Amino acid sequence: MQNTLYDVIIIGGGPAGLSAAYSAYENGAKKILIIERDRELGGILQQCIHNGFGLHHFKEELTGPGYAYRCAELIKGKEEIEVLIDTMVLLITRDKTVTAVSPEHGLLKLKGKTIILTMGCRERTRGAIRIPGERPAGVFTAGAAQRMVNMEGYLPGHKIVILGSGDIGLIMARRMSLEGCKVQAVLEICPFSNGLTRNIVQCLHDYDIPLHLSHTITKIHGRDRITGITAAQVDDKMQPIPGTEFDIECDTLLLSVGLIPENELSQGLGLEMHPLTNGPIVDQRRHTTLDGIFAAGNVVHVHDLVDFVSEEAEIAGKFAAFHAQATHPPMLRRVNVKTGDGIRTCVPQRLSLPPAGEDSKLFMRVGKPERKVKLEVKSGDTVIMSKMLPVAKPSEMIAINIPAEKTATFGGEITVSINREV
Amino acid sequence: MSETKILNCIVCPMGCEMTATIEGGTVTNVTGNTCPRGAKYAQEEITAPKRMLTSTVRITGGLLPLLPVVSKNPLPKDKVLACAEHLRTITVEAPIAEGATICENILGLGVDIVASRAMDVHAE
Ligand SMILES: Cc1cc2nc3c(=O)[nH]c(=O)nc-3n(C[C@H](O)[C@H](O)[C@H](O)COP(=O)(O)OP(=O)(O)OC[C@H]3O[C@@H](n4cnc5c(N)ncnc54)[C@H](O)[C@@H]3O)c2cc1C
Ligand code: SF4
């Protein structure tokens, strides 16, 4: 293993890593290695037991574990793909040497022609949002609670308050209710929920769980174990409004306040990072700013649909395979992708184009909810492509595909923006 | 005697807010929907709401103590909690194949509960 020069080494065996491996294999890579720190493949999907995954990618509605199973089946029994589980990657250096450690093999040094980063994301914790009060037991991130209830087999508590109304928070509200717990309330600091309407209806309304929009937690009660919280309404600057406070009793508080890409390894490598996505800057091939290092999935930007994760990872796997087999580097032209009015983030942040251009799919998020607007891709003042959006929400990623021949006409910069005058 | 009910359509991301008029248990009129799928959803949601159920059952001899399961088809909404409660009483033994039936015809509702994933025997 240590004497092998791999075509592609993949860091992380979630849906991104598995899809990247399969695509690298399909595109001619002969020596592929996946390294996963957990005891099994599948990543975070193993704890997302609800359904709604895979409608785009596998054309059927699957649960999280079902989706992970499909991805793992794709690579099973392929001689070209080696898998190391229970193995933690500690360091990646610019010469593409990966240092990893496992109980079985001890310290490993592995070398690749290319590396794909697919480490996923982790949750923001209480420290990242600063709630005043004691630090009693009974405060968990929603994801940690999801793992406990769905994989390890115990309940974090019985009377629950959830802070944050993104999909993970909503899904956990239903999950705890199904396990016989009482979910007292879901609090959301924004004036709108970041979750799907379907989840608001089926996870909250179905179980009569109140959702308090424009509310936050101002105090946590209890010394050893949490006994309740104080909630308050916030103004349009998200500051608590004095006099609006009320108390809610609970023995458990779940925080569902957002995800951040897991990028210690990327930063150690010195990859250029994007301040808003918190992930490495990539081009349409998911090539980072370092030669031979690719990245895909939640490590690049937090996705809401795992189907897009697989799609992105297949692109990274394909181009990593080509890169590993290439005898000399291709001549590519750089085009920067800028975000204009209304668009908060766009991945890829740049394009690397061969002379004939290349199909490029852009994934974007808006800054605030919009209705009946037009998404525009402009080169200079010319609108190259546009797409009508009946609704656009920050929580739902928007995708637009630019065909190769259009990219061939681009200058050095394109802009994506929202046009509200339609 | 007619009553009205406000509900959000969940069929597509538009999330239209609709008002349904109900007379004698049937929906006689729907407003606020942008397309016909909304009216169809309102009809079903008011007269016979259904939900998929995903939960877990205990498993022995596997890598994990729990096996995720899913209903093969949607269940009547008002029976979902009872079904979840019933699943808490079930223990299966590894190995289990993906899609294996874990509970046939749960609570006599005509719907099977199946394994969401495979779980092999795990040697300690
Ligand atoms: C708590 C939580 C709940 C979620 N719920 C949903 C949901 O309900 N629906 C949905 O569509 N999406 C959900 N997501 C988003 C979900 O993460 C993505 O859809 C998808 O799973 C991302 O795939 P990925 O492969 O990029 O990352 P992951 O699935 O996170 O996989 C990354 C893998 O990399 C491994 N890894 C990380 N660092 C190292 C290292 N140093 N060495 C070795 N291995 C490493 C991890 O162990 C993990 O297995 C959720 C995310 C979280 C965090
Ligand atoms: S009524 Fe039609 S447009 Fe409106 S949410 Fe339902 S499916 Fe979408």
Side-chain angles (χ1 to χ4, degrees), chain A residues 38-40 42 45-53 61-70 72-73 76 85 147-155 171 174-180 192-193 195-203 205-207 304 369 371-372 389-393 395-396 398, chain B residues 5-18 34-35 38 41-42 45 49-60 62-75 77-78 80-88 91 96-99 114-120 122:
Chain A
D38 213 332
R39 289 166 301 171
E40 58 176 344
L45 288 179
Q46 297 291 13
Q47 70 183 56
C48 305
I49 66 164
H50 56 279
N51 62 341
F53 300 86
E61 188 162 351
L62 300 165
T63 63
Y67 192 99
Y69 180 78
R70 296 294 155 98
E73 282 295 295
K76 209 170 175 176
I85 52 164
R147 194 176 168 98
M148 273 178 220
V149 180
N150 291 346
M151 292 177 77
E152 288 159 9
Y154 51 95
L155 294 175
I171 296 277
R174 173 174 63 191
R175 187 67 191 121
M176 300 308 294
S177 305
L178 282 174
E179 287 298 322
F192 52 89
S193 161
L196 298 172
T197 308
R198 166 168 143 155
N199 286 338
I200 306 255
V201 172
Q202 300 195 345
C203 300
H205 297 179
D206 276 10
Y207 299 91
D304 41 277
R371 264 180 189 272
K372 291 214 179 88
L389 304 172
V391 280
K393 295 181 189 169
S395 54
E396 286 171 35
I398 310 162
Chain B
K5 199 177 165 187
I6 293 172
L7 74 170
N8 283 96
C9 180
I10 63 162
V11 179
C12 90
M14 282 283 282
C16 298
E17 189 177 291
M18 310 183 290
T34 307
C35 79
Y41 167 78
E45 184 65 12
K50 287 192 164 162
R51 297 289 185 265
M52 292 292 284
L53 170 63
T54 54
S55 191
T56 53
V57 297
R58 303 239 153 225
I59 183 167
T60 54
L63 177 66
L64 303 172
L66 295 178
L67 176 77
V69 296
V70 56
S71 60
K72 241 185 141 166
N73 294 298
L75 294 156
K77 181 180 142 189
D78 58 354
V80 163
L81 265 176
C83 290
E85 218 165 285
H86 180 67
L87 290 176
R88 262 180 266 150
T91 303
I96 294 282
E98 190 227 18
V114 300
S116 299
R117 57 167 287 176
M119 202 166 308
D120 292 335
H122 182 65

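Protein chains get the first letters and strands the later ones, always in sequence-line order, with residue 1 at the start of each. From a predicted model like this one, the values you see are computed outputs, not experimental measurements.
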Revision key, fill the gap. dist B/I10:CD1 -> A/I200:CD1 (nearest 0.5 Å) comes out at 11.5 Å
Check your understanding: Which bit of A/Y67 comes within less than 4.5 Å of chain B, counting heavy atoms only: side chain, backbone, both or neither?
Key -> neither
Review point. At what distance, to the nearest 0.5 angstrom, does OG1 of B/T54 lie from CG of A/N51?
Key: 6.0 Å
Point to revise | Side chain to side chain, B/R117 and A/L45, heavy atoms closer than 4.5 Å | key: no
Check your understanding: Of the listed residues (B/S55, B/G99, B/P68), which shares the most heavy-atom pairs with chain A below a 4.5 Å separation?
Key -> B/S55
Revision key, fill the gap. Shortest non-hydrogen pair, B/S116 vs A/T63, comes out as CB-OG1, 3.3 Å
Exercise for review: Quick one: which of A/E396, A/E61, A/Q46 has the most heavy-atom pairs under 4.5 Å with chain B, could you say?
Suggested key: A/Q46
Review point. When rounded to the nearest 0.5 angstrom, what distance separates CG in B/L64 from CD in A/E40?
Key: 5.5 Å
Practice item. Please examine the side chains of B/E98 and A/R70, heavy atoms only from C-beta on, and report whether any two atoms are closer than 4.5 Å. Key: yes
Practice item. To the nearest 0.5 Å, tell me how far B/L53 CG sits from A/R174 CZ. Key: 8.5 Å
Practice item. Sort out for me which of A/G64, A/G42, A/G66, A/A72 touches chain B most, counting heavy-atom pairs under 4.5 Å. Key: A/G66
Review point. Of all of A/R198, A/E152, A/H50, A/M151, which one pairs up most often with chain B through heavy atoms under 4.5 Å apart?
Key: A/M151
Point to revise | B/R58 side chain to A/G153 backbone, donor-acceptor under 3.5 Å | key: yes
Point to revise | Atom group of B/C9 that falls short of 4.5 Å from chain A, counting heavy atoms | key: backbone
Practice item. Mind ranking A/T197, A/D206, A/V391, A/V201 by heavy-atom pairs under 4.5 Å with chain B and telling me who comes out on top? Key: A/D206
Exercise for review: Please round to the nearest 0.5 Å and tell me the distance separating atom CD of A/Q202 and atom NZ of B/K77.
Suggested key: 9.0 Å
Review point. Are any of the side-chain heavy atoms of B/T56 and A/R175 separated by less than 4.5 Å?
Key: yes
**Study point:** Heavy-atom pairs under 4.5 Å with chain A, option from B/L63, B/N8, B/V70 with the top count
**Key:** B/L63
